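Below is one structure, written out as structure tokens; comments come after it.
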4 protein chains.
Amino acid sequence: MILKTNKPKYTQIIDAAVNVIAENGYHASQVSKIAKKAGVADGTIYLYFKNKEDILVSLFQEKMGIFIEKIEKEINDVDDAEKKLGILIKMHFNQLAENHDLAIVTQLELRQSNIALRLKINEILKKYLKIIDEIIDAGINQGVFRKELNPRLARQMIFGTIDEIATNWVMKDQKYNVVKQADEVHELIIQGLSSNVD
Amino acid sequence: MILKTNKPKYTQIIDAAVNVIAENGYHASQVSKIAKKAGVADGTIYLYFKNKEDILVSLFQEKMGIFIEKIEKEINDVDDAEKKLGILIKMHFNQLAENHDLAIVTQLELRQSNIALRLKINEILKKYLKIIDEIIDAGINQGVFRKELNPRLARQMIFGTIDEIATNWVMKDQKYNVVKQADEVHELIIQGLSSNVD
Amino acid sequence: MILKTNKPKYTQIIDAAVNVIAENGYHASQVSKIAKKAGVADGTIYLYFKNKEDILVSLFQEKMGIFIEKIEKEINDVDDAEKKLGILIKMHFNQLAENHDLAIVTQLELRQSNIALRLKINEILKKYLKIIDEIIDAGINQGVFRKELNPRLARQMIFGTIDEIATNWVMKDQKYNVVKQADEVHELIIQGLSSNVD
Amino acid sequence: MILKTNKPKYTQIIDAAVNVIAENGYHASQVSKIAKKAGVADGTIYLYFKNKEDILVSLFQEKMGIFIEKIEKEINDVDDAEKKLGILIKMHFNQLAENHDLAIVTQLELRQSNIALRLKINEILKKYLKIIDEIIDAGINQGVFRKELNPRLARQMIFGTIDEIATNWVMKDQKYNVVKQADEVHELIIQGLSSNVD
DNA sequence: GATGAATGAGGTTTCATTCAT
DNA sequence: CATGAATGAAACCTCATTCAT
């Protein structure tokens with residue numbers, strides 16, 4: 001469906017890209033298809049973006065920006081690192097659940113891109129990873145997380161776990177409620193597997 | 001008749017594919033390049049594989065088969081679930097560290113493939129995930145892992161953590177020793193972040 | 001949107017195809033060769049035709065359309081079925097003789113195509129066969145052709161004869177004047193072999 | 001079905017070729033398929049035939065040889081040119097009707113071959129065309145055919161008519177009885193369309 | 001004579017990007 | 001600003017033929 005809204009073309013194109021990629025898959029999302037969905041001519045795309053890769057990088061940047069901003073806002077309202085982490089997990093799942101297409105694009109489709117693009121995406125992701133790093137630091141300082149933690153490994157565990165769970169959920173066509181599992185995931189990350197029968 | 005025996009040519013081609021993909025990247029790995037590296041004619045590839053995708057699926061199948069077999073062997077020697085998990089993590093990292101090219105191919109390049117291929121790869125991965133599931137089950141039964149664990153989430157945490165760490169390590173050009181961190185990762189998964197100051 | 005209008009490019013490509021096929025033969029007529037002769041890029045072909053087969057079907061359709069139109073026009077000017085047939089035969093040969101390349105393409109090269117294409121060509125030919133059928137009907141009604149004629153066999157005789165003569169002429173490199181034989185052929189079809197010494 | 005008969009391999013291969021081409025079509029009849037059906041190795045084909053084209057030429061030669069021989073035999077028993085022609089037409093249809101696969105191969109599939117092969121086939125056909133020529137000559141000499149006949153055109157009419165009718169019959173999946181129409185076709189060729197109301 | 005594994009040339013089509021209007 | 005027709009590079013796979021055994 002082509003809608004000629006009064007959104008600036010830049011936003012129109014990015015939203016069209018999300019939609020087209022979610023519906024057709026990364027490799028079947030030609031520039032011409034995105035242009036058509038955005039209601040602009042193929043050539044117009046190149047007035048707003050350097051090239052196709054730039055659309056995707058910008059897409060990720062824009063959406064991730066909003067993603068991060070919302071999470072930061074909520075996290076800043078609490079002091080306890082453990083609670084911060086709980087909020088981050090719940091909001092991570094929540095934002096994906098609220099945007100069906102974006103979930104598909106970020107969890108599945110964009111990962112098919114070439115390594116150059118993936119490195120750029122990783123660059124953008126760093127802001128998010130930094131938030132996780134800060135929570136870990138805070139937790140250690142507050143004494144709720146173990147002093148001996150390797151912060152990098154801890155962050156990779158947190159992100160790896162959340163991301164794997166999100167990806168599995170998208171691959172199952174988002175059929176179950178992943179947000180409801182946030183607390184369990186939180187508990188898992190905080191307590192690990194152990195029954196602590198020391 | 002195409003038989004996937006351990007004939008030299010079949011193995012030659014798969015090993016060439018690993019090498020070519022690691023060196024040139026997924027999208028720049030033409031069949032002709034693989035054939036050249038394997039020392040066979042382009043057409044010979046098609047005596048052993050249905051099509052290009054089949055090379056990649058077979059590659060993953062063969063290598064993952066060995067990967068799993070070795071891990072299973074070691075794990076069966078111990079009873080304690082926690083130790084089993086420790087072995088799995090160490091061997092996972094170890095096998096990637098021992099095969100530089102294969103690490104690049106499985107952690108980075110093969111993930112750029114289209115969804116059809118990714119689904120086939122996931123199918124193969126299931127055998128590995130099943131081993132993790134069995135460790136979790138054993139741990140719960142032995143009382144070393146919490147009864148309340150959601151086994152699926154636990155498995156996703158374990159795999160997500162290991163995979164994220166492995167991918168980061170490969171993206172950093174395998175510059176540090178990931179095997180040395182196996183114990184720390186194990187501890188992280190078993191104990192979580194918490195300092196347990198309950 | 002691809003419109004089969006009389007835009008220059010569409011016609012350019014078809015005419016180039018006739019020329020290239022006549023000169024190089026059906027199997028040696030690559031799309032790139034046709035594009036070059038038409039003075040367009042390879043990809044431009046696909047803005048005007050679905051695929052290579054579509055070039056050939058369109059070629060036959062366009063040329064046969066003109067062929068039929070011209071014959072119909074002349075035939076409509078006379079009433080006598082016998083004369084209609086005479087005109088059809090003369091014009092059939094004449095149009096082939098006027099277009100050296102097209103004669104080669106339709107009589108020799110296009111017949112090497114696969115069955116799918118041949119069926120499409122046959123479909124187009126039906127319009128021409130229908131004209132022959134109408135002449136036969138008219139002739140029977142006018143009493144100049146025998147009442148007992150099997151119209152289908154009669155049509156097959158007419159078309160088979162004309163086509164065989166045309167093909168032989170093309171295979172002899174169009175070295176003699178086939179148009180001059182039109183009257184003889186007409187006589188042959190009307191009177192048969194018989195000397196009528198009943 | 002692969003039958004290891006004690007027929008010489010040469011004949012085995014030709015019969016397999018007829019069968020394979022009739023079933024799969026000209027372009028889908030690879031040498032390996034013919035070899036398989038003949039129950040020999042691919043390489044064995046090249047002990048009996050120079051190349052693939054040679055199989056097809058030999059096939060046509062062998063089968064046409066039998067075809068012609070039978071017709072000649074019957075024709076020699078009568079003197080009247082008109083009757084000779086009647087026999088030729090009936091036997092032409094009859095031999096095609098008796099060999100379903102061969103009819104498909106000669107009327108449809110072999111015509112998709114390249115021009116080089118078609119020229120060789122025409123060379124073989126000449127023996128058959130010569131028989132027709134002799135009938136025409138005899139008819140003129142006997143006074144049953146018109147003196148003024150152009151013998152070449154007459155031969156092209158006869159062969160073109162018979163061939164067109166045979167081809168149409170094969171394209172209609174040989175669903176009706178073409179042999180029954182032989183007399184009508186004969187009459188058509190002898191008397192033409194005309195009702196002779198001079 | 002017979003085998004069949006190996007060879008390697010060759011072509012259709014897609015799609016990101018440009019640029020004249 | 002916007003258009004969209006035109007560009008042209010690039011690769012998977014088939015199959016007739018060979019030749020060492």
Side-chain angles (χ1 to χ4, degrees), chain A residues 8-10 13 27-36 38-56, chain B residues 1-3 7-10 12-13 27-36 38-55, chain C residues 1-3 7-10 12-13 27-36 38-55, chain D residues 8-10 13 27-36 38-56:
Chain A
K9 291 227 163 73
Y10 176 82
I13 293 167
H27 290 292
S29 295
Q30 298 84 348
V31 171
S32 61
K33 226 179 242 172
I34 295 172
K36 198 172 192 179
V40 300
D42 292 15
T44 305
I45 298 267
Y46 291 87
L47 298 175
Y48 294 89
F49 301 91
K50 269 207 318 281
N51 49 37
K52 186 180 181 182
E53 186 177 298
D54 190 30
I55 307 176
L56 305 173
Chain B
M1 185 177 41
I2 301 170
L3 278 181
K7 268 191 210 169
K9 290 259 163 66
Y10 176 79
Q12 258 175 60
I13 293 166
H27 290 292
S29 295
Q30 299 87 342
V31 171
S32 60
K33 230 177 239 173
I34 296 173
K36 198 170 192 179
V40 300
D42 292 16
T44 305
I45 300 267
Y46 293 87
L47 297 177
Y48 295 90
F49 301 91
K50 270 207 313 285
N51 48 38
K52 187 180 178 180
E53 186 177 299
D54 190 33
I55 307 176
Chain C
M1 185 176 44
I2 301 169
L3 279 181
K7 268 191 210 168
K9 289 260 161 68
Y10 177 78
Q12 259 176 58
I13 293 167
H27 290 291
S29 295
Q30 298 87 342
V31 171
S32 61
K33 232 178 237 172
I34 295 172
K36 199 170 191 178
V40 300
D42 291 16
T44 305
I45 299 268
Y46 293 86
L47 297 177
Y48 295 89
F49 301 92
K50 271 207 315 283
N51 49 38
K52 187 179 179 181
E53 184 177 301
D54 190 33
I55 307 175
Chain D
K9 290 227 164 71
Y10 176 81
I13 293 167
H27 290 291
S29 294
Q30 298 85 347
V31 170
S32 61
K33 226 178 241 173
I34 295 172
K36 198 172 191 179
V40 301
D42 293 15
T44 306
I45 299 267
Y46 292 87
L47 299 175
Y48 294 89
F49 300 91
K50 268 209 315 284
N51 49 36
K52 187 179 179 181
E53 186 177 298
D54 190 31
I55 306 175
L56 305 174

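Computed over heavy atoms, backbone and side chain alike; hydrogens, waters and symmetry mates excluded. What you see is a predicted model; the values in this text were computed from it and never measured. Residue numbering restarts at 1 for every chain, and letters A, B, ... go by the order of the sequence lines.
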Would you tell me if any nitrogen or oxygen in the side chain of B/Lys33 comes within less than 4.0 Å of OP1 or OP2 on F/dA11?
-> no
Residue-phosphate contact under 4.0 Å: D/Lys9 side-chain N/O, E/dG1 OP1/OP2 = no
Set of ring-ring contact (aromatic ring centres under 6.0 Å, His included) partners for A/Phe49, sequence neighbours left out |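 A/Tyr10.
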Scan residues 46-56 of chain D for pairs that pass salt bridge (Lys or Arg N to Asp or Glu O under 4.0 Å), counting only residues two or more places apart or in two chains.
-> D/Glu53-D/Lys120
Check side-chain contact (heavy atoms from CB on, under 4.5 Å) between C/Ala41 and all other residues, then give those that pass, not counting sequence neighbours.
-> C/Thr44
Starting at [atom1] of [X], measure out to [atom2] of [Y] and round the result to the nearest 0.5 Å.
X	Y	atom1	atom2	result
B/Lys9	B/Tyr48	NZ	OH	5.0 Å
D/Ile45	D/Asn51	CD1	CG	11.5 Å
C/Gln12	C/Ile34	CD	CD1	13.5 Å

Measure [atom1]/[X] against [atom2]/[N] and give the value in whole Å, please.
X	N	atom1	atom2	value
D/Ile55	F/dA16	CD1	C1'	10 Å
C/Ile34	E/dT13	CD1	P	11 Å
D/Asp54	F/dA16	CG	C1'	14 Å
D/Tyr10	E/dA2	OH	P	16 Å
D/Lys36	E/dA5	NZ	C1'	15 Å
C/Ile45	E/dT14	CD1	C1'	14 Å
C/Glu53	E/dT13	CD	C1'	15 Å

Which part of the nucleic acid, if any, lies within reach of D/Phe49 when heavy atoms closer than 4.0 Å are counted: base, sugar-phosphate only, or nothing?
-> nothing
Check every strand shown and say whether B/Val31 touches a base, only sugar-phosphate, or nothing at a heavy-atom separation below 4.0 Å.
->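 Sugar-phosphate, backbone atoms only, no base.
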Name the stems that DNA chain E belongs to, where each is three or more consecutive Watson-Crick or G-U pairs with both distances under 3.5 Å?
->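 If one scans DNA chain E for consecutive Watson-Crick or G-U pairs, the stems found are E:2-21 with F:2-21.
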Looking at the side chain of [X], which of [options] is the nearest nucleotide?
X	options	answer
D/Leu47	E/dA2, F/dT7, F/dC12	E/dA2
C/Gln30	E/dG11, E/dG4, E/dG8	E/dG11
A/Asn51	E/dT3, E/dT17, E/dA16	E/dT17
A/Thr44	E/dA2, E/dA6, F/dT3	F/dT3
D/Tyr48	E/dA2, E/dA6, F/dA2	E/dA2
A/Lys52	F/dC13, E/dA16, F/dT7	E/dA16

What heavy-atom pair brings C/Ala38 and C/Ile13 nearest, and what distance separates the two atoms?
->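 Reported closest heavy-atom pair: CB-CA, 4.0 Å.
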State, with a plain yes or no, whether a side-chain heavy atom of D/Tyr46 is found less than 4.5 Å away from one of D/Val31.
->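 Yes - at least one pair of side-chain heavy atoms lies under 4.5 Å apart.
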N/O contacts under 3.5 Å, protein versus nucleotides 18-21 of chain F?
none

Say whether, by atom type as modelled, one donor and one acceptor occur between the side chain of B/Lys33 and the main chain of B/Ala28 under 3.5 angstrom.
-> yes
Could you say whether C/Ala41 or B/Ser29 is positioned toward the 5' end of DNA chain F, judged by the nucleotide with the nearest heavy atom to each?
->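 The 5'-side residue here is C/Ala41.
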